[in-house]
**Q** 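Handing you this structure, nothing more for now.
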Amino acid sequence: GNLKAVEQLYFETAGVIITLILLGKILESRAKRKTGRSIKALLNLTPENAILIVNGEEKETAVSELEPEDLIRVKPGARIPVDGLVTEGFSSVDESMLTGESMPVEKSVGSSVTGGSINKNGSFLFKATRVGRDTTIARIIKLVEDAQNSKAPIAKLADEVSAWFVPAVMITALLSATVWFLSGAGLPFSMTVLTAVLLIACPCALGLATPTAIMVGTGRGAEFGILVKTGEALQTAAGINAVVFDKTGTLTVGKPEVTDIISLKLGRSEILGVMASAETSSGHPLGDAIIRKAQEENLVFSEVSDFNAVPGGGISVRVKGIQGITDILIGTKKLLIKEGVSLDTLEAENLIQQGEALAYKGKTPVYMASKEDGTWRLEGLIAVRDKLKEESCEAVAELKKLGIKSFMLTGDNRKVAEAIAVEAGIDEVRAEVLPEDKAFEVERLMTGGFKVAMVGDGINDAPALAAADVGIAIGSGTDVAIESADIILVHSDIRDVVSAIKLSKAVLKNIKQNLFWAFGYNVLLIPVAAGILTLFGGPLLNPILAAGAMSLSSVSVVSNALRLKHFKK
């Protein structure tokens, strides 16, 4: 009889259980290592050593020891070690790892270079501006790491469930063991039940369900240049049903070109010359287009003074050169009316009509008036057009397929905005929006029940990016935009907005599958471990099988998460 009791003690159980749990852990950590590969790939972009110039001598130095203001030589074919500005030499640099742009970019004195990019054939010297943790690539790595360690709100669900699940399991284990013991099954049998229930219900798989999916998902995103800052952003992005695009530089190329010049009294090149001179202080993209056009035509620029910017409207300046000194007003039709320019002469009405006709074609008319004897007189207009990015139409069409509405925000003329929206396939336009009202427009959509993603690139988009449910910054946009965004598209390809939303949907679906597996399997097997089959003459669940099943559930959850590595853009 004693021998029978010993047979029930399962001495090997302890050894096998520990082995199985360790095996599960090994498989799990192997999977986790795979998730860290995308970060390793980024780390490998920066070289170990750099050639530092000290007193005119070249000296090989570890990149980690470089400081701002250091002078560094880059030889042909070498990777650029840190961010900086070219001081001597000329070359072209492959920046595809950052911008996704396959064409090498030409660099000459004054150009900025980014650590991690590859120098092609020339050799140059550059002065380090950002080193160590401040370099672009280091900041990207930091973003990815933070995202991989962050929790998605859905993970809190798993935590809450675990909070009542664990005590429930403890009580179930104790109850079933006590019931079996009291019904006369004996201590070894009752202890076996207790162990099996505790092992089978160990909720490791639950703890792994969300973090692994987020790690693999954000890592995969980083490989495509889609940087998701937090698990929360990843989860929110999956539920987006409205995308708001900033127009200039996001949907359009952001490099406007002059298309038409119409003048009333002055010659064509005089209008262009005066407007270009006046725009030299404005820094406005439309102004830049006019300046570029004047430079192409080798026009002489006049001296300007008393520059005054009128927000959302245009500029007023004094220009020396044409018939003495003249006050010039440049801007929208609204500005002309506000400043009291007379538009009721036949030729003025005619010019305004031509301007409106150009606006219908998606060109922005910029009017010019000059002051003579205290009254403003209309002089002419220059029409400027910003081309739509080729990929914009494709991105908007893809969003439609996902059932997502697209909106466009712009400070531009309504007719111009509508012409571009029609071309891009955008659902709704909000035009003539002042920069400071962009966030307000986003909030208006949100109160209307939309889950909104805002896509922008400039400083004036930062408040709107921060206000939206998910802010998406395009590319190597401004630091401010990147700070306030939740998702950064390094490659400046607007189609990545769609990829980012699809990636979040895939990750969320994966998390839900993981939670389902982790739970379902526990709920199914607990009764078996508690000995329910034994009541019907079936077997009791051996603790070894319980431990195996527990490890297996963790491994299946991690393997499911690893399927995200095959996510395609």
Side-chain angles (χ1 to χ4, degrees), residues 24-25 27-43 139-163 165 203-240 451 453 468-473 482 485-490 496-520 553-569:
K25 288 270 177 247
L27 291 171
E28 202 185 296
S29 65
R30 266 190 57 186
K32 275 196 177 150
R33 261 213 313 282
K34 280 188 187 164
T35 63
R37 276 190 196 158
S38 45
I39 288 196
K40 270 212 191 69
L42 285 171
L43 280 167
R139 283 157 67 193
I140 289 177
I141 292 167
K142 174 99 173 70
L143 281 176
V144 178
E145 281 175 342
D146 288 349
Q148 294 194 335
N149 294 326
S150 74
K151 269 196 172 170
I154 197 166
K156 298 191 179 77
L157 169 79
D159 295 346
E160 281 161 25
V161 172
S162 304
F165 183 74
C204 315
L206 264 187
L208 290 168
T210 43
T212 33
I214 286 175
M215 275 186 88
V216 183
T218 47
R220 184 67 174 151
E223 289 172 30
F224 291 136
I226 300 171
L227 305 180
V228 185
K229 280 190 182 174
T230 59
E232 193 170 347
L234 198 63
Q235 186 177 331
T236 315
I240 290 298
K451 270 241 173 280
D469 291 300
V470 176
I472 302 178
I482 288 171
D486 304 295
I487 297 177
I488 297 153
L489 307 178
V490 183
D496 287 348
V497 171
V498 185
S499 303
I501 292 173
K502 283 187 169 166
L503 176 71
S504 346
K505 283 185 189 294
V507 172
L508 200 65
K509 187 174 159 195
N510 195 287
I511 289 174
K512 285 176 179 165
Q513 289 166 347
N514 285 350
L515 288 173
F516 173 78
W517 277 108
F519 268 127
S553 82
S554 298
V555 171
S556 68
V557 160
V558 174
S559 313
N560 186 43
L562 280 173
R563 288 191 333 174
L564 287 167
K565 281 201 92 53
H566 305 298
F567 175 83
K568 293 270 188 298
K569 218 160 86 144

**Q** Would you find more than 12 non-hydrogen atoms of other residues, nucleotides or ligands less than 6.0 Å from Lys505 atom NZ?
**A**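 Yes - once you tally the heavy atoms of other residues, nucleotides and ligands closer than 6.0 Å, there are more than 12.
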**Q** Report the distance from atom CD1 of Ile511 to atom CD1 of Ile214, rounding to the nearest 0.5 Å.
**A** 4.5 Å
**Q** Could you pull out the closest heavy-atom pair between Ala233 and Val470, with the gap in Å?
**A**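 It is O-CG2, 4.2 Å.
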**Q** Can you name the closest pair of heavy atoms from Lys565 and Arg220 and give their distance?
**A** O-NE, 2.8 Å
**Q** Under a 3.5 Å distance rule, please check whether Asp486 uses its side chain to pair with a backbone N or O of Gly471 as donor and acceptor.
**A**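 Yes; judged by distance alone, with no hydrogens or angles, the pair exists.
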**Q** What's the spacing between Thr218 OG1 and Glu223 CD if we round to 0.5 Å?
**A**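 One gets 10.5 Å once the value is rounded to the nearest 0.5 Å.
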**Q** Which value, rounded to the nearest 0.5 Å, describes the distance between Asp469 atom CG and Glu232 atom CD?
**A** 10.5 Å
**Q** Nearest 0.5 Å please: distance from the OG1 atom of Thr212 over to the CG atom of Asn560.
**A** 8.5 Å
**Q** Please give me the minimum heavy-atom distance between Gly221 and Leu503, naming the atom from each residue.
**A**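 Closest heavy-atom pair between Gly221 and Leu503: CA-CD2, 3.8 Å.
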**Q** Rounded at 0.5 Å granularity, tell me how far CD1 in Ile488 sits from CD1 in Ile472.
**A**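 Taking CD1 in Ile488 and CD1 in Ile472, the distance rounds to 11.0 Å.
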**Q** Who pairs with Asp496 by side chain to side chain donor-acceptor pair (under 3.5 Å), at least two apart in sequence or on another chain?
**A**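 For Asp496 the side chain to side chain donor-acceptor pair (under 3.5 Å) partners, ignoring immediate neighbours, are Lys569.
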**Q** Quick one: OG on Ser504 to CD1 on Ile226, what's the gap to the nearest 0.5 Å?
**A** 8.5 Å
**Q** Please name the pair of heavy atoms, one in Ala213 and one in Val507, separated by the smallest distance, quoted to 0.1 Å.
**A**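 In terms of heavy atoms, the two residues are closest at O-CG1, 3.9 Å.
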**Q** Tell me if a side-chain donor or acceptor on Asn510 pairs with a main-chain N or O of Leu564 at a distance below 3.5 Å.
**A**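 Such a contact is absent between Asn510 side chain and Leu564 backbone.
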**Q** Quick one: closest heavy-atom pair of Ala453 and Ile240, and the distance?
**A**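 Scanning both residues, the minimum pair turns out to be N-CD1, 3.7 Å.
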**Q** Looking at every heavy atom in both Leu508 and Ala238, which two are closest together, and how far apart are they?
**A** CD2-CB, 3.8 Å
